[in-house]
Amino acid sequence: MTSADTLKGFKRDGRIVIVGASLAGLRTAEALRDEGFTGSLAMIGDELGEPYDRPPLSKQVLTGWVPAGGTKLPRRRDIDAEWLLGVPADGLDLATNHVHLADGREIPFDRVLISTGVRARPWFIESEAALDGVFVVRTREHAESLQRAVAAGPSRVLVIGAGFTGSEIASICRERDIPVTVAELAPAPLVGALGAMIGDVAADMQRAHGVDLRCGVKVTQLEGDARGHFRRAHFSDGSTIDADVAVVALGGIRNTEWLRDSGLAAGPWGIACDAGCRALDLNGLVTDDIFVAGDVARCPNPVYEYRFIALEHWANAVEQAEIAAHNMVSGQADRWPHLSIPAFWSIQFGVNIKSVGVPTFADEVVVTQGSVSDRRFVAAYGYQGRVTAAVSFNNAKWLDHYRQLIETAAPFPPPCPTPDQPADAKPAPVDFPGPTLLAQGATVVVTGHDPGDRRVTAAWHHRVGGKAT
């Protein structure tokens, strides 16, 4: 039997399991059917409901414009899948090609896609995290509960973490004229994603809208009353504030723990894969039947020196899903690489913030268009003399131009395409925080590579007495 016959038989009779009933998981399933796969398809998800859209949870759902139940992802076609929902996967056996579920079931596969995504990083003291009035935002249930709490008109909301999610929540609170305190361990909001210069702009924007922004401090304790309701927060500088609601917005944790004995190159940064979304094992070898897509994937990109890049972006999840689906049912010569340039957006305090490229892969930044004081500008990022990213505040129409500069490795700083170049525009160090803060605030993380490391050993962090070892 030829390889073409084998592939034809797989497309007709094979069994594909998708672990993670997410945006990436659903779009992969749809793309598989579009590619002509007529075999068995199973969807595994730890939540009971069908896949839903997450970006609206910290935006439209909190404002009340969209109910939490209205975020279900639209179906582009029928996928004719077996849905195994409400039970998480807790193991992957590559020797026997089985996914182990937490309830003891073993699900066989010929090929598997892993799209388990991320979960919200919880407050580090469990008893304080359980206080009534303390929230995270990752699921529909989280967003629905927080929306009710905000709609009730609390005396003050505390937001712990000034990344994109935390800043968006603070913005919604100020739109409702609710007093809000934002606590951020880094020197400024958004600094983990966009660097110090843009962080200073974001800090000024928040304070101009009445946010009590406290940077360079850590929340050390969430205090509750006798009824178990959150009432007060303590800070590392000795100060306290009284509040009714606390939102923990400290980023996400990639769901990879269930793979610790699988032999895959999986860890806190995600699952390493090649540009075709095929997972790598611990020795750096490509697996033929294990694919990865979405927030949990670490994929090399030639534009960024083949560094492994982890993205928490909606568009990236969709694009990787299509690449993974195609490659799962295609021969080696017909497989596609995932080479797209990341894009991201956020709306906060009346400003539309959009980015293209990887801002964290940069050593300099310069404002190339517009006015920072007017909150209408474009900033370009560069690494070793070439353009790697751009960020716009209320000026997104030029981002396609910067995308072309990134794709063609244009020199940095780039010439301004319009007459509105600031007269005093000079490149400045981009100044990102250290890895610990970066992991909490960035939606794009460049996790690096070391070609000299031919073999690796899986090492997992354990907590002993509250400390990582």
Side-chain angles (χ1 to χ4, degrees), residues 58 62 120-125 128-129 131 133-137 146 149-150 153-225 229-252 346-351 353 372 375 393 431-443 466:
S58 61
L62 286 189
R121 188 180 301 276
W123 184 242
F124 64 97
I125 300 175
E128 296 177 7
L131 290 170
V134 176
F135 300 89
V136 295
V137 181
L146 180 57
V150 170
S155 62
R156 178 171 294 274
V157 172
L158 167 66
V159 180
I160 306 173
F164 283 107
T165 298
S167 297
E168 289 170 358
I169 292 168
S171 173
I172 290 169
C173 289
R174 292 308 300 140
E175 287 177 11
R176 294 177 171 233
D177 202 29
I178 296 172
V180 59
T181 295
V182 175
E184 172 57 54
L185 187 56
L190 308 184
V191 70
L194 303 178
M197 187 186 78
I198 302 300
D200 289 342
V201 176
D204 290 343
M205 188 168 66
Q206 291 202 14
R207 292 187 172 113
H209 284 81
V211 174
D212 172 28
L213 177 63
R214 305 186 183 193
C215 295
V217 297
K218 182 178 181 180
V219 177
T220 57
Q221 181 186 356
L222 300 179
E223 181 183 338
D225 60 19
H229 197 291
F230 166 69
R231 293 302 182 196
R232 182 175 295 111
H234 298 255
F235 296 86
S236 57
D237 61 4
S239 62
T240 63
I241 63 158
D242 292 339
D244 301 320
V245 172
V247 184
V248 181
L250 295 175
S346 174
I347 296 177
Q348 47 190 269
F349 305 100
V351 173
I353 303 172
V372 171
R375 307 285 187 267
F393 276 48
D431 196 12
F432 285 105
T436 300
L437 289 177
L438 186 62
Q440 295 181 4
T443 57

Go through it in stages, so that I can follow the logic: the residues are Arg375 and Val201, the test is side-chain contact (heavy atoms from CB on, under 4.5 Å), and I'd like the CA-CA distance, side-chain angles, deciding distance and then a yes or no.
CA-CA 8 Å; Arg375 307 285 187 267; Val201 176; 4.2 Å; yes
Approximate separation, where rounding is to 0.5 Å, of Ile178 CD1 and Ile169 CD1
12.0 Å
To the closest 0.5 Å, what do you measure between CG (Leu194) and CG (Asp431)?
13.0 Å
Looking only at heavy atoms, which two atoms of Cys215 and Pro189 are closest? And how far apart?
SG-CD, 4.2 Å
Considering residues at least two apart in sequence or located in another chain, which fulfil the side-chain contact (heavy atoms from CB on, under 4.5 Å) criterion with Val134?
Leu131, Leu222, Phe230, Ala246, Val248
Gap separating the CZ atom of Arg231 from the OG atom of Ser155, nearest 0.5 angstrom:
7.5 Å
All heavy atoms of Pro154 vs all of Val150, minimum pair found to be CD-O, 3.4 Å
Phe164 and Ala193: which non-hydrogen atoms are nearest, and at how many Å?
CE1-CB, 3.5 Å
Enter the distance from Met205:CE to Ile198:CD1 here, rounded to the nearest 0.5 Å.
10.0 Å
List for me each residue that meets side-chain hydrogen bond (donor to acceptor under 3.5 Å, both in side chains) alongside Asp177, sequence neighbours excluded, and say none if there are none.
none
Give every donor-acceptor pair under 3.5 Å between a side-chain atom in residues 234-241 and any protein atom, sequence neighbours left out.
| residue | atom | partner | partner atom | Å |
| --- | --- | --- | --- | --- |
| His234 | NE2 | Glu223 | OE1 | 2.7 |
| Ser236 | OG | Lys218 | N | 3.0 |
| Asp237 | OD1 | Ser239 | N | 3.0 |
| Asp237 | OD1 | Ser239 | OG | 2.6 |
| Ser239 | OG | Arg214 | NH1 | 3.3 |

Restricting to side-chain hydrogen bond (donor to acceptor under 3.5 Å, both in side chains), what partner residues turn up for Ser167, sequence neighbours left out?
Gln206
Electrostatic pair Asp244:Arg156 at N-O distance under 4.0 angstrom:
no
Do Val137 and Leu146 touch side chain to side chain, with heavy atoms closer than 4.5 Å?
yes
Under 3.5 Å, side chain of Arg121 to main-chain N/O of Leu250, donor-acceptor pair present?
yes
Where Ile125 and Thr220 come nearest, the two heavy atoms and their spacing
CD1-O, 4.4 Å
So, Arg207 side chain and Leu213 main chain: donor-acceptor pair closer than 3.5 Å or not?
yes
With sequence neighbours excluded, residues passing side-chain hydrogen bond (donor to acceptor under 3.5 Å, both in side chains) with Glu168
Ser58, Lys59, Ser346
Looking only at non-hydrogen atoms, find the nearest pair between Ala202 and Leu190 and report the distance.
CB-CD1, 3.9 Å
Qualifying residues under side-chain hydrogen bond (donor to acceptor under 3.5 Å, both in side chains), relative to Asp200, sequence neighbours excluded:
none
What is the minimum heavy-atom distance between Val182 and Gly161, and which atoms define it?
CG1-O, 4.4 Å
CD/Gln348 to OG1/Thr165 distance, rounded to the nearest 0.5 angstrom?
10.0 Å
